[in-house]
Amino acid sequence: MPLALLALAVGAFGIGTTEFVMMGLLPNVADDLHISIPSAGHLVSAYALGVVIGAPLLAALTARMPRRRVLVALMVLFVAGNAVSAAAPDYHLLMAARFVSGLPHGAFFGVGAVVATSLVAPERKARSVSLMFLGLTVANVIGVPIATLMGQQLGWRATFLAVSAIGLAAITTLLLLVPADHGHGESGGLRGELKALGSLPVWLSLGTTVAGFGALFAAYSYVTPMLTGAAGFAEASVTLLLALFGVGATAGNLLGGRLADRSLRGTLFGGLVSLGVVLALFPVLMRAEWSAAVAVVLLGTAAFITGSPLQLMVMEKASAAPSLASSANQAAFNLANAGGAWIGGLALAAGFGLTSPAVAGAALAVLGIGVAGVAYGVDLRRSRAVVASATTGRGLLVASHVPDVVSAPDAGQTTRRR
């Protein structure tokens, strides 16, 4: 695997850290800026909104630029957003800075995935994407806990300064390790990107992402009350348990990358089925501390097995111009985050119990399997149509090469005409 993947992983590590660290710093930010906790929670939403808007917009605007230049520019925007967050004197400027910080998120992963797959042999594409995503999953294990502790001890502004430093390190590694002449944007430009995004298989792949990762976030958004209220853990143990989720996500990401290089669709279906089973078992697994800890690890593993296959599938369905579709898949991940949390919250508010969001997530996993099945059916039908068209074309080609033999009274006359 080329060292350029390390540069992409460093950028992913910084992005993953800044995305999730705000959740642990909400009380600190609220106290410092004299706002309520719910108001501070809007800072999380501002970042997610930046991801959803920035992913397709920035990918489209940079479609014809050299990809290394695009990646560096995105990280410059990332550093600027986090630096302004650190210096923000009031809530409104911090809100704007968090929105700006989210803008490059989806486009970086989208364009980065295209670059990652272009650096390796075809049989290692999924593994290359998983290695880039490794920075994101490791951020949940190491980056977020350390950044949260730093914010609690040194102030939340120090956290965003540290994240800005990670962004500068990513820029340096991108300039050093990604070849300058490697990975230019598609010649079709914005028009080609938009045409690729309009394909039915691309939208079915995006729909699978929304449903599949919506299943994860329906449960994960409410995993703390499950662990404390149902399994009986003390609140002080939750941080360690969330780190276990990150360990499972890291293992699932690496496993999914390896398996997807052997069978892309098989890995996708296997991951979604595993996720549905784990979520369906949550009400049972949350009855004891040891089984609840196992459930958290399995949740991360099963969910992130599907990460690389989903990203690669979207890129393959938009192979003529994959950057916009790949970035749109990152927007789909964040829509899954918001939608899954909303559906899980509905189940909880309806009084179905603390583990009901996981059951709702299992239903979303089944929906994801259904969408993936429809996508498979569409691909199968199109493949058969291509084969039939090719067969018809060969038949016409053979007919066009048959000699024009005119009927004759006897075989001899026919022979003479030839």
Side-chain angles (χ1 to χ4, degrees), residues 16-32 35-41 43-44 136-156 158-159 162 215-252 275 278-304 337 340-362:
T17 300
T18 200
E19 179 182 16
F20 295 108
V21 74
M22 180 57 75
M23 300 171 188
L25 296 178
L26 290 183
N28 307 81
V29 174
D31 289 342
D32 186 53
I35 57 176
S36 66
I37 293 290
S39 295
L43 297 169
V44 178
L136 180 64
T137 57
V138 170
N140 283 281
V141 182
I142 300 174
V144 173
I146 292 178
T148 302
L149 182 61
M150 178 183 294
Q152 293 169 347
Q153 299 297 321
L154 302 177
W156 62 270
T159 295
L216 165 66
F217 287 110
Y220 186 68
S221 300
Y222 305 96
V223 72
T224 297
M226 288 188 213
L227 291 170
T228 56
F233 279 103
E235 290 186 2
S237 304
V238 172
T239 301
L240 176 60
L241 291 167
L242 295 183
L244 288 179
F245 172 84
V247 172
T250 301
L275 179 60
V278 170
L279 289 170
L281 291 175
F282 250 57
V284 177
L285 296 173
M286 284 292 160
R287 293 177 182 175
E289 290 186 354
W290 70 268
S291 57
V294 171
V296 169
V297 176
L298 291 178
L299 178 63
T301 303
F304 278 85
N337 189 340
W342 177 68
I343 292 174
L346 289 179
L348 201 59
F352 293 128
L354 288 174
T355 57
S356 60
V359 178

Restricting to pairs with a member in residues 141-154, which pass side-chain hydrogen bond (donor to acceptor under 3.5 Å, both in side chains), not counting sequence neighbours?
none
Hey, what's the ring geometry for Phe245 with Phe304, parallel, tilted or perpendicular (30° and 60° as the breaks)?
perpendicular
Closest non-hydrogen atom pair between Pro357 and Met226, with its separation:
CB-CE, 4.0 Å
On a heavy-atom basis, the closest approach of Ala215 and Gly361 is CB-O, 3.0 Å
If we ignore hydrogens and angles and just use 3.5 Å, is the side chain of Ser291 paired with the main-chain N or O of Ala288 as donor and acceptor?
yes
State, with a plain yes or no, whether a side-chain heavy atom of Leu241 is found less than 4.5 Å away from one of Phe233.
yes
Evaluation steps, side-chain contact (heavy atoms from CB on, under 4.5 Å), between Leu242 and Asn140:
CA-CA 8 Å; Leu242 295 183; Asn140 283 281; over 6 Å; no
Does any non-hydrogen side-chain atom of Val247 lie less than 4.5 Å from one of Val297?
no
Candidate pair Leu275 and Leu299, rule side-chain contact (heavy atoms from CB on, under 4.5 Å), full reasoning
CA-CA 7 Å; Leu275 179 60; Leu299 178 63; 3.8 Å; yes
Is a side-chain N or O of Tyr222 found less than 3.5 angstrom from the main chain of Gly344, in a donor-acceptor match?
no
side-chain hydrogen bond (donor to acceptor under 3.5 Å, both in side chains) involving Thr137 - partner list, sequence neighbours excluded:
Thr250
Which residues pass the salt bridge (charged side-chain N to carboxylate O under 4.0 Å, His left out) test with Asp32, not counting sequence neighbours?
Arg157
Atom of Trp156, atom of Asn28 and distance for their closest heavy-atom approach
CD1-O, 3.9 Å
Can Val144 and Glu19 be said to form a side-chain contact (heavy atoms from CB on, under 4.5 Å), step by step?
CA-CA 9 Å; Val144 173; Glu19 179 182 16; over 6 Å; no
Could you state the interatomic distance from CG (Asn337) to CZ (Phe217), rounded to the nearest 0.5 Å?
4.0 Å
Quick one: do Thr159 and Met22 satisfy side-chain contact (heavy atoms from CB on, under 4.5 Å)? Show the steps, please.
CA-CA 9 Å; Thr159 295; Met22 180 57 75; over 6 Å; no
Heavy-atom closest contact (Leu279 atom, Ala362 atom, distance):
CD1-N, 3.7 Å
Taking every non-hydrogen atom, the tightest pair across Ala230 and Leu354
N-CD1, 3.8 Å
Roughly how far, to the nearest 0.5 Å, is CG of Leu25 from CG of Leu43?
10.5 Å
Where is the tightest heavy-atom contact between Leu227 and Ala292, given as atom of each residue plus distance?
CD2-CB, 4.1 Å
